[in-house]
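Counting starts at 1 for both ligands and their atoms, following the listed order. The figures here come from the full heavy-atom set of this structure, side chains too, leaving out hydrogens, waters and symmetry mates. As the structure is a prediction and not an experimental result, all values here were calculated from the model.
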Amino acid sequence: MTLLIPFVLVAYVLLYAFAFSIPPLPPVSTFLGAGYDRHAQKPLTETLDAWLEREERIALDKLLANVSPGGRNVAGAIKGSVIASPSREHPNYFYQWVRDAAITTSTLVDVYADDPSSKLSSELSAILDEYTHLQHSLQHTNNPSGSFDDLSGLGEPKFEADGSPFVGSWGRPQRDGPALRAITLMAYLRAYNSSHPTLWTSGSGDDWFASLYNPSLPANSIIKADLEYVSHFWNQSGFDLWEEVEGLHFFTAMVQLRAMREGSDLALAFGDKGAAQWYTKQAKQLEEFMPQFWDQGKAHLVETLGSSRTGLDCGLLLGSLHGYPSADASHTPVYAPSSDEILVSLLALVEDQRTRFPINAAPSSEQEHGLQGVGLGRYPEDVYDGYGNDKRGGNPWFLCTASAAQVLYNTAENLVLATNLTISSTALPFYEALMSSSSLDPRPDTTYGLSDAMFHSVLERLKSTGDEFMEVVKTHTDAQGSLSEQFDRVTGYERGARDLTWSYGAFLQALRARKRVL
Ligand code: NOJ
Ligand code: NOJ
């Protein structure tokens with residue numbers, strides 16, 4: 001029998017890889033004994049397209065495994081919670097982080113919005129409703145950051161899985177959480193409303209809507225409470241998304257700006273005119289504040305103001321992706337993924353990480369220059385190896401590597417929509433690196449249109465370089481399609497918290513961006 005197990009597994013993997021019509025497998029771990037080499041059975045010849053199609057289902061399944069109700073990994077977690085990872089020790093990630101939960105739930109909202117009447121969506125909507133209810137009670141839970149009365153408690157970054165406050169020492173407050181949660185809930189509200197239009201327009205005081213936004217009852221309105229928090233605290237320092245540095249941060253400010261812009265639109269839709277004006281005023285101030293993150297001397301953005309670090313950071317990519325989604329046509333772009341500043345920052349980060357991590361070493365000297373897909377970590381100075389600090393440095397992260405792909409896909413999508421490309425002198429280094437293997441020479445202050453070869457080659461290279469980053473994710477994903485937090489800088493094997501919910505969310509978001517451009 002034991003001899004049969006690997007055989008059955010191989011048969012399944014092959015079948016699964018080539019017969020896309022069969023439903024997802026039960027978790028492959030069911031078939032495995034301890035000590036099984038998780039990498040040995042990988043169908044190495046699988047194309048990127050075939051793998052992405054397969055991994056999409058696996059990632060959604062494994063993301064949902066970390067979500068209550070219904071998840072396989074959430075025993076003991078309160079309904080509506082999203083745990084960061086099932087790992088309860090070495091490291092213990094069995095908590096709900098407001099940030100991780102909001103970001104990954106936004107992916108569920110997107111899947112729900114694809115087709116609100118599908119069977120999957122009715123399951124998702126049950127989860128999204130529980131998530132929403134739980135956020136109300138977390139907002140009102142006294143915690144070491146403060147309480148609901150003066151809203152200070154909304155800056156608390158993480159809670160126990162059972163919903164009680166986490167009282168250990170921590171980098172707190174973190175002011176991105178309320179902004180991200182408001183963004184996710186506003187997206188859910190819009191998606192829900194588009195399939196139940198009478199609720200929105202009737203102004204009937206429907207309980208569900210009132211619990212999200214009620215002009216006269218801010219204390220009971222989950223979104224309004226988060227918007228109030230953002231509007232009153234965005235200019236105060238807090239810890240960064242990596243929970244290490246206190247200050248003012250690009251990622252945090254970008255999501256706060258988006259929350260204020262969308263919040264103002266929402267307030268207006270609910271007839272809350274004073275609030276709409278107030279949020280717009282904060283959004284304007286944030287817009288004026290954002291250029292401080294551009295460092296002209298370094299010629300890239302920096303993640304934290306006044307920090308001694310280089311400032312190159314995956315938080316720049318994430319801030320752009322979460323702060324200015326390509327779908328948003330109603331607001332002026334600020335550091336959108338396709339902006340000159342984000343693209344040159346991406347290039348600088350890639351150049352740093354390529355030489356920093358041995359697994360990124362190019363196979364031939366020819367590839368030493370230009371822009372290629374490599375494993376990306378959080379930032380150059382990182383020493384967190386997924387378990388503790390390692391003086392030799394950190395590792396590449398799945399969510400950062402997938403985010404680089406997403407930035408490139410978004411840029412390609414933007415190009416298709418714009419039907420022309422103007423290369424500024426700021427962005428020139430990026431386009432030169434992108435096109436270094438081609439005979440075409442991008443010129444500064446030049447506009448290329450549909451009839452120019454440059455336009456089409458840039459578009460192709462954006463997509464294929466995005467795919468190179470996805471190939472890196474594919475290479476380091478194990479045979480079951482599991483994504484941990486990191487992969488080893490030397491061996492490439494998965495490291496850190498296993499089945500990181502955010503890794504699955506980031507992969508799915510990059511894949512959605514890829515589908516939009518193909
Ligand atoms: C550590 C990461 O730096 C942080 O961004 C994240 O929220 C937690 N892990 C949980 O995944
Ligand atoms: C007064 C507004 O009416 C209210 O709703 C708004 O959001 C606050 N000012 C700012 O806290």
Side-chain angles (χ1 to χ4, degrees), residues 59 62-63 65-67 71 73-74 77 81-107 138 145 155-161 166 168-181 183-184 238-247 249-252 254-255 303-304 307 309 313-319 321-323 376-390 393-403 482-487 494-507 509:
K62 288 180 181 284
L63 190 161
N66 295 348
V67 177
N73 297 332
V74 289
S81 60
V82 178
I83 53 151
S85 151
S87 177
R88 294 180 193 236
E89 52 179 1
H90 192 63
N92 184 359
Y93 272 42
F94 198 74
Y95 295 98
Q96 24 179 349
W97 268 266
V98 177
R99 169 183 39 262
D100 297 43
I103 287 177
T104 55
T105 302
S106 80
T107 300
L138 295 183
S145 291
E156 181 66 2
K158 77 178 199 185
F159 291 83
E160 298 284 347
F166 167 72
S169 64
W170 207 251
R172 58 168 70 90
Q174 295 174 20
R175 305 191 195 278
D176 56 334
L180 289 163
R181 179 166 56 199
I183 289 168
T184 295
F239 279 80
D240 70 321
L241 81 162
W242 311 128
E243 318 189 292
E244 297 168 338
V245 187
E246 203 171 353
H249 317 284
F250 181 86
F251 173 82
T252 307
M254 283 292 286
V255 296
E303 170 59 23
T304 299
S307 157
R309 292 182 183 171
D313 198 302
C314 154
L316 300 170
L317 311 182
L318 293 167
L321 291 169
H322 292 286
L376 290 188
R378 297 189 297 181
Y379 56 91
E381 303 84 350
D382 200 0
V383 290
Y384 174 59
D385 70 0
Y387 310 98
N389 287 348
D390 179 342
N395 294 305
W397 284 44
F398 284 111
L399 72 92
C400 293
T401 307
S403 295
S482 303
L483 299 175
S484 57
E485 183 183 71
Q486 317 183 5
F487 43 101
E494 299 200 17
R495 305 272 300 168
R498 71 183 170 92
D499 291 305
L500 190 81
T501 318
W502 192 357
S503 293
Y504 295 121
F507 167 81
Q509 286 301 339

Point to revise | Aromatic ring proximity Phe507/Phe398, centre distance under 6.0 Å | key: no
Practice item. Anything under 30° is parallel, anything over 60° is perpendicular, the rest tilted; go ahead and classify Tyr93 against Trp97. Key: tilted
Point to revise | Qualifying residues under side-chain contact (heavy atoms from CB on, under 4.5 Å), relative to Ala179, sequence neighbours excluded | key: Val230, Val255, Gln256, Ala259
Practice item. Taking all non-hydrogen atoms of both residues into account, name the closest pair between Arg99 and Leu180 and its distance. Key: CG-CD1, 3.7 Å
Exercise for review: Would you mind telling me if ligand 1 is within reach of the side chain of Trp97, the backbone, both or neither, using heavy atoms under 4.0 Å?
Suggested key: side chain
Practice item. For atom 5 (O) of ligand 1, find the nearest protein heavy atom and state the residue, atom name and distance (0.1 Å precision). Key: Leu241 O, 2.7 Å
Check your understanding: Can you name the residues that form a side-chain hydrogen bond (donor to acceptor under 3.5 Å, both in side chains) with Glu246, not counting sequence neighbours?
Key -> none
Point to revise | Which residue and heavy atom of the protein sit nearest atom 3 (O) of ligand 1, plus the separation | key: Arg378 NH1, 2.8 Å
Point to revise | Where ligand 1 meets Asp100 - atom numbers and elements under 4.0 angstrom, heavy-atom basis | key: 6 (C), 7 (O), 10 (C), 11 (O)
Exercise for review: Output the list of atoms in ligand 1 that are nearer than 4.0 Å to some heavy atom of Tyr93, sorted by atom number.
Suggested key: 1 (C), 9 (N), 10 (C), 11 (O)
Check your understanding: At the 4.0 Å heavy-atom cut-off, does Lys158 count as touching ligand 1?
Key -> no
Practice item. Examine the proximity of ligand 1 to Trp502 and report which part, side chain or backbone, both or neither, has a heavy atom under 4.0 Å away. Key: side chain
